[in-house]
**Student:** 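Below is the structure I would like to discuss, written out as structure tokens.
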Amino acid sequence: MRIDWNYIKLGVLLFVITGLYAFSNHRSSRKNVKEVHIEFIGDNNLYITEGMVNKLLIQKFGPLVNVPKEKLVLNTIEKVIETNEMVKSAQVYLAVNGELTSKITQRKPIGRIEGDLKCYLDDQGKRMPLSVSHSARVPLITGKVTGKSIEDVYKTLQYINKDDFLRKNVIGIHIVDVGHYQLRFRMEQFVVNLGDIVNLDVKFNNFKAFYSKADKDGTLGEYNVVSLEFNNQVVCTKI
């Protein structure tokens with residue numbers, strides 16, 4: 001019987017490769033965490049700090065440095081970080097060199113609600129607590145804060161944040177009542193009566209056309225109320 005040495009060589013090679021892989025995995029699993037690294041993705045304004053994240057992890061797991069890699073459950077660590085109300089999402093991974101890295105995306109405030117319960121309104125339309133680490137420069141939301149009125153304000157802020165002129169100039173939204181909203185601008189003394197949030201495109205385009213002409217004419221300071229409530233027109237009240 002003739003022996004096929006090629007099959008034997010292939011079998012030995014597969015055995016060696018499998019053994020090396022298993023040995024490598026065994027050695028890797030026995031290594032300890034050498035360093036914990038916190039990385040914030042996106043906005044540089046930190047509503048939660050690296051120290052806060054480390055404290056949260058220590059309270060839950062104890063010091064992670066020198067913990068064997070095989071004892072780590074990365075998904076559990078992610079969920080613990082995401083319990084912080086400033087965190088939108090977290091991704092945790094372990095590098096070959098033993099560095100445990102947490103990449104954290106923070107929630108993003110787009111408005112600040114003033115009243116009995118002060119908080120932010122985030123970019124998903126949810127309430128977000130104020131931060132002791134950083135104060136966001138976002139429009140103030142005042143007046144009759146209710147579930148429906150905040151939904152309308154959220155949609156209005158979404159529109160404002162997509163427009164460069166409005167984003168730079170609108171500093172406040174006052175809720176007179178549901179369907180009756182007022183805007184305050186950074187450099188002007190007048191109040192803009194927005195009314196409801198129907199046809200925001202038309203209302204803001206009309207306003208920007210009025211603003212451009214009045215600014216060119218030097219008459220912006222003559223008005224104390226600018227109303228966008230009426231169909232396809234801007235109605236102004238002089239001081």
Side-chain angles (χ1 to χ4, degrees), residues 24-143 145-147 149-151 153-155 157-158 160-162 167-168 170-173:
S24 176
N25 278 348
H26 178 69
R27 286 194 61 187
S28 177
S29 65
R30 291 175 62 85
K31 288 183 179 180
N32 296 344
V33 175
K34 290 184 177 180
E35 185 180 355
V36 176
H37 178 65
I38 308 297
E39 181 179 344
F40 294 97
I41 306 300
D43 199 337
N44 290 326
N45 297 325
L46 299 183
Y47 304 102
I48 178 174
T49 65
E50 182 176 341
M52 293 176 183
V53 176
N54 282 325
K55 182 178 179 181
L56 181 64
L57 294 176
I58 290 172
Q59 287 175 339
K60 185 66 178 180
F61 305 106
L64 290 173
V65 175
N66 292 325
V67 170
K69 293 165 63 176
E70 61 184 359
K71 291 187 177 181
L72 294 177
V73 181
L74 302 184
N75 186 52
T76 301
I77 298 174
E78 289 175 350
K79 290 180 179 179
V80 168
I81 295 174
E82 289 171 353
T83 60
N84 187 285
E85 291 184 293
M86 300 296 175
V87 175
K88 184 176 183 179
S89 64
Q91 290 183 317
V92 179
Y93 62 90
L94 189 63
V96 177
N97 63 1
E99 183 178 274
L100 182 70
T101 299
S102 301
K103 290 191 174 183
I104 298 172
T105 302
Q106 300 178 104
R107 295 172 68 184
K108 182 179 179 181
I110 60 172
R112 175 170 173 156
I113 300 173
E114 291 293 304
D116 294 335
L117 182 61
K118 293 179 171 61
C119 61
Y120 290 124
L121 183 69
D122 75 3
D123 60 352
Q124 294 183 312
K126 299 177 181 179
R127 302 195 186 202
M128 169 183 171
L130 301 182
S131 170
V132 296
S133 302
H134 181 78
S135 181
R137 296 184 63 183
V138 291
L140 292 179
I141 303 168
T142 57
V145 175
T146 64
S149 66
I150 284 297
E151 285 181 20
V153 168
Y154 170 62
K155 293 176 182 176
L157 286 171
Q158 281 185 307
I160 288 171
N161 285 331
K162 293 177 182 177
R167 186 178 65 254
K168 290 179 179 178
V170 175
I171 61 171
I173 300 179

**Student:** Heavy atoms, side chains only, cut-off 4.5 Å: are Lys88 and Asp122 in contact?
**Tutor:**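 The answer is no; the side chains never approach within 4.5 Å.
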**Student:** Can you confirm whether Glu78 sits close enough to Gln91 that some side-chain heavy atom of one is under 4.5 Å from a side-chain heavy atom of the other?
**Tutor:**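 Heavy-atom side-chain distance check passes, below 4.5 Å.
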**Student:** If you define the side chain from C-beta out and look only at heavy atoms, does anything of Pro129 sit under 4.5 Å from Arg107?
**Tutor:**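 The answer is yes, as the side chains (C-beta and beyond) meet within the 4.5 Å cut-off.
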**Student:** Within this structure, what is the NZ-CG distance for the pair Lys108 and Asn45, rounded to the nearest 0.5 Å?
**Tutor:**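 It is 10.0 Å, given to the nearest 0.5 Å.
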**Student:** Roughly how far apart are Asn161 CG and Asp123 CG, rounded to 0.5 Å?
**Tutor:**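 It comes to 9.0 Å.
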**Student:** Are Val138 and Leu121 packed together at the side-chain level, in the sense that at least one heavy-atom pair is separated by less than 4.5 angstrom?
**Tutor:**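 SC-SC contact between Val138 and Leu121 ruled out.
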**Student:** Is any side-chain heavy atom of Lys79 closer than 4.5 Å to one of Asn75?
**Tutor:** yes
**Student:** Might you point out which heavy atoms bring Ile38 and Val53 nearest each other, and give the distance in Å?
**Tutor:** CD1-CG1, 3.6 Å
**Student:** Side-chain contact test, heavy atoms from C-beta onward, threshold under 4.5 Å: evaluate it for Leu130 versus Lys118 and give yes or no.
**Tutor:** yes
**Student:** Does a side-chain heavy-atom distance below 4.5 Å link Ile171 with Pro139?
**Tutor:** no
**Student:** Just how far is it from atom OG1 of Thr101 to atom NE2 of His37, taken to the nearest 0.5 Å?
**Tutor:** 5.5 Å
**Student:** Out of Asn32, Leu72, Leu100, which residue meets the side-chain contact (heavy atoms from CB on, under 4.5 Å) rule with Val67?
**Tutor:** Leu72
**Student:** About how many Å separate CD1 of Ile81 and CE of Met86, when rounded to the nearest 0.5 Å?
**Tutor:**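 Interatomic distance, Met86 CE to Ile81 CD1, rounded to 0.5 Å: 15.5 Å.
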**Student:** Taking all non-hydrogen atoms of both residues into account, name the closest pair between Val145 and Arg127 and its distance.
**Tutor:**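 For Val145 versus Arg127, the nearest heavy atoms are CG1-NH2, 3.6 Å.
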**Student:** Under 4.5 Å between any side-chain heavy atoms of Ile110 and Ile160, yes or no?
**Tutor:** no
**Student:** Of all residues at least two apart in sequence or in a different chain, which pass the side-chain contact (heavy atoms from CB on, under 4.5 Å) check with Gln106?
**Tutor:**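 Counting only residues at least two positions away or on another chain, Gln106 forms a side-chain contact (heavy atoms from CB on, under 4.5 Å) with Phe40, Leu46, Tyr47, Ile48.
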**Student:** If you count heavy atoms of other groups shown closer than 6.0 angstrom to CD of Glu85, is the number above 12?
**Tutor:**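 Counting other residues, nucleotides and ligands, CD of Glu85 stays at 12 neighbours or fewer.
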**Student:** Calculate, to the nearest 0.5 Å, the distance between atoms OG and CE belonging to Ser131 and Met52 respectively.
**Tutor:**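 That separation rounds to 5.5 Å.
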**Student:** Working to the nearest 0.5 Å, report the span between OG of Ser102 and CD of Glu50.
**Tutor:** 9.5 Å
